[in-house]
Every structure is written in C-alpha cells, then in structure tokens.
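In what follows, chains carry the letters A, B, and so on, assigned in the order in which the sequence lines appear, proteins first and then strands, with residues in each chain numbered from 1. This one's a predicted model, so the numbers in the text were calculated from it and none came from an experiment.
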Amino acid sequence: GAVVSQHPSWVICKSGTSVKIECRSLDFQATTMFWYRQFPKQSLMLMATSNEGSKATYEQGVEKDKFLINHASLTLSTLTVTSAHPEDSSFYICSARKAGEKLFFGSGTQLSVL
Amino acid sequence: GESVGLHLPTLSVQEGDNSIINCAYSNSASDYFIWYKQESGKGPQFIIDIRSNMDKRQGQRVTVLLNKTVKHLSLQIAATQPGDSAVYFCAETYPSGGSYIPTFGRGTSLIVHP
C-alpha cells in the first residue's frame, strides 16, 4: 500500500521556538496533502489543505501565520508551528491523497511545548 | 471549531463477538466514505471505503453499510479480536471548490476483552 512518512514522530521544544514537521509521500505523487490536529480522546480536526505549488487553504479559526504550510514538491509538505506555546501542544497528523479520494496517513507527530 | 469536552463513545465486546460501530455524517453532498482505525499514539490506518452509489461493501472480516437516506454509516467487524481494540473514525468527503475535503466523525473507542 501507499506509504506516507511523517517526521519527527515526537518533539519537545521551548516556548517561543518554531518546529517544522515533514510529511512525505514515499511511493506516489500527492498534489494535495492535508494537515490535521488531534487532542487526546478527540477526533481529527482539519487544519489546512496543502496544494503543491500554491498557497494552502486554511480552515476557519486556524491562524495561517502561526501554522506555516509549504508544499514545494509533489512528495513533500511541511508544517511549521511558529513561536510555539504550550497550547500548541498536540498530535499533528498529515495525510496525502492518492489516485482520487483515497487518503493515507502519516504516523503523526506529538508536539510538546514547554 | 474544536469539540471541547466531548469524550469518545466506547464499545466493549468479548473476543469472538461481532462488533458494530455507527457513524452519522452531516453533508448530503458527501459521496465517498472511509473507515479508519487509530491505535494509541499512531496515525489513522485505512480499513475500508465505500462510494455513495453503493450501500454495502465487504472486506476481510469487515463490512461497511451506507444508508444515504438517514446519512448513516456503520462498520461491522466479524469475530472481533483483541488486536481490533482501537479508536475507529468514519470520514466523509464532499466536493468543495474543485477538491474533495475529508472530514472526520467523532470516533468510537472499541475495547475487546479476551
């Protein structure tokens, strides 16, 4: 099956620093990738849709200057949490769409901001 | 926005029993549906999908039923095993601005007792 690699799987950072999370589609080209955020025991909340070669589309309430998304190639999208604060601590998950609507997910990144 | 304060519904079953997990979706324009399994600390894993022109689809030990009239989706797991313990999410996708937006349901925690 298709593989989506997400890195890092776990990161701890100090408040005020920025953290970059990478999402790669390993065996297919993904024109669209999605970034989700998940709090404990809750569902996945779509943050933004990342389109290769164009600006990301952010969901209502998601600060685009806070969560910078770059989709520079057909196999790589990055999410940068800028000036992270403790309330940004969460589980972040990316997904990539292959051949239509089928979605495959990365393994997630647990971000802890101290 | 976020679902604040909501806890996942839980389904507890005995090993070997059949499990039925239900999901209500919201958008009548949704035409593609997916069930995912998520184990603790990991990204969602694709289980089975169904298009809106079908009302039933079977996989290995799993069956998805779709009732478009009442916007209801169910996942049936036959002969449930301890390894099936996880959180199960349904996702609906609907066309939006030339793309397809996947939106997740609340999720159900399945606990299988040996």
Side-chain angles (χ1 to χ4, degrees), chain A residues 1-7 9-10 21 23-24 30-52 54-62 71 87-88 90-112, chain B residues 1-10 21 23-27 29-53 57 59-60 86-111:
Chain A
V3 177
V4 174
S5 173
Q6 188 172 340
H7 178 81
S9 57
W10 185 37
I21 303 170
C23 182
R24 294 179 185 274
T31 54
T32 304
M33 291 185 176
F34 302 93
W35 286 96
Y36 293 85
R37 183 174 183 177
Q38 186 178 34
F39 292 102
K41 298 190 183 301
Q42 294 191 22
S43 188
L44 287 78
M45 299 296 297
L46 179 65
M47 298 175 66
T49 301
S50 170
N51 300 297
E52 187 270 335
S54 64
K55 291 183 179 180
T57 303
Y58 289 82
E59 295 300 299
Q60 190 174 8
V62 178
H71 194 158
E87 58 265 31
D88 298 324
S90 189
F91 192 57
Y92 294 87
I93 307 171
C94 71
S95 69
R97 186 150 52 90
K98 177 184 181 183
E101 302 88 5
K102 196 177 290 290
L103 276 176
F104 293 91
F105 285 84
S107 54
T109 298
Q110 182 64 52
L111 171 63
S112 297
Chain B
E2 296 175 3
S3 297
V4 178
L6 292 177
H7 294 284
L8 292 173
T10 300
I21 301 171
C23 177
Y25 64 94
S26 58
N27 195 325
S30 294
D31 57 5
Y32 179 64
F33 306 87
I34 314 161
W35 279 101
Y36 290 94
K37 172 185 179 183
Q38 187 180 27
E39 296 174 334
S40 181
K42 298 182 180 180
Q45 179 184 6
F46 174 91
I47 301 175
I48 191 168
D49 58 359
I50 188 168
R51 294 191 180 276
S52 59
N53 60 352
R57 189 162 187 226
Q60 188 176 12
V87 177
Y88 290 81
F89 293 99
C90 67
E92 58 178 309
T93 60
Y94 53 88
S96 176
S99 184
Y100 279 85
I101 307 298
T103 305
F104 284 81
R106 189 173 160 196
T108 297
S109 178
L110 176 65
I111 300 173

Side-chain heavy atoms of A:I93 within contact of B:Q38, under 4.5 Å: yes
Whatever's closer than 4.5 Å to a heavy atom in chain A on B:Q45 counts as neither
The residue among B:F104, B:F89, B:F46 that forms ring-ring contact (aromatic ring centres under 6.0 Å, His included) with A:F105 is B:F104
Between the CG atom in A:L103 and the OH atom in B:Y36, the distance rounded to the nearest 0.5 Å is 4.0 Å
Closest non-hydrogen contact found for A:Y36 with B:P102 is OH-CG, 3.0 Å
The interface call for A:Q6 against chain B, heavy-atom contacts under 4.5 Å, is neither
Sequence neighbours excluded, the answer for side chain to side chain donor-acceptor pair (under 3.5 Å) partners of A:S50 is A:H71, A:S77
**OP:** Keeping the roles fixed (side chain from A:S43, backbone from B:G107), state whether a donor-acceptor pair exists under 3.5 Å.
**Re:** no
Residues passing the salt bridge (Lys or Arg N to Asp or Glu O under 4.0 Å) test with B:E39, sequence neighbours excluded, are B:K37, B:K42
request  = Return yes when atom CD of B:Q60 has more than 12 non-hydrogen atoms of other residues, nucleotides or ligands closer than 6.0 Å, and no otherwise.
outcome  = no
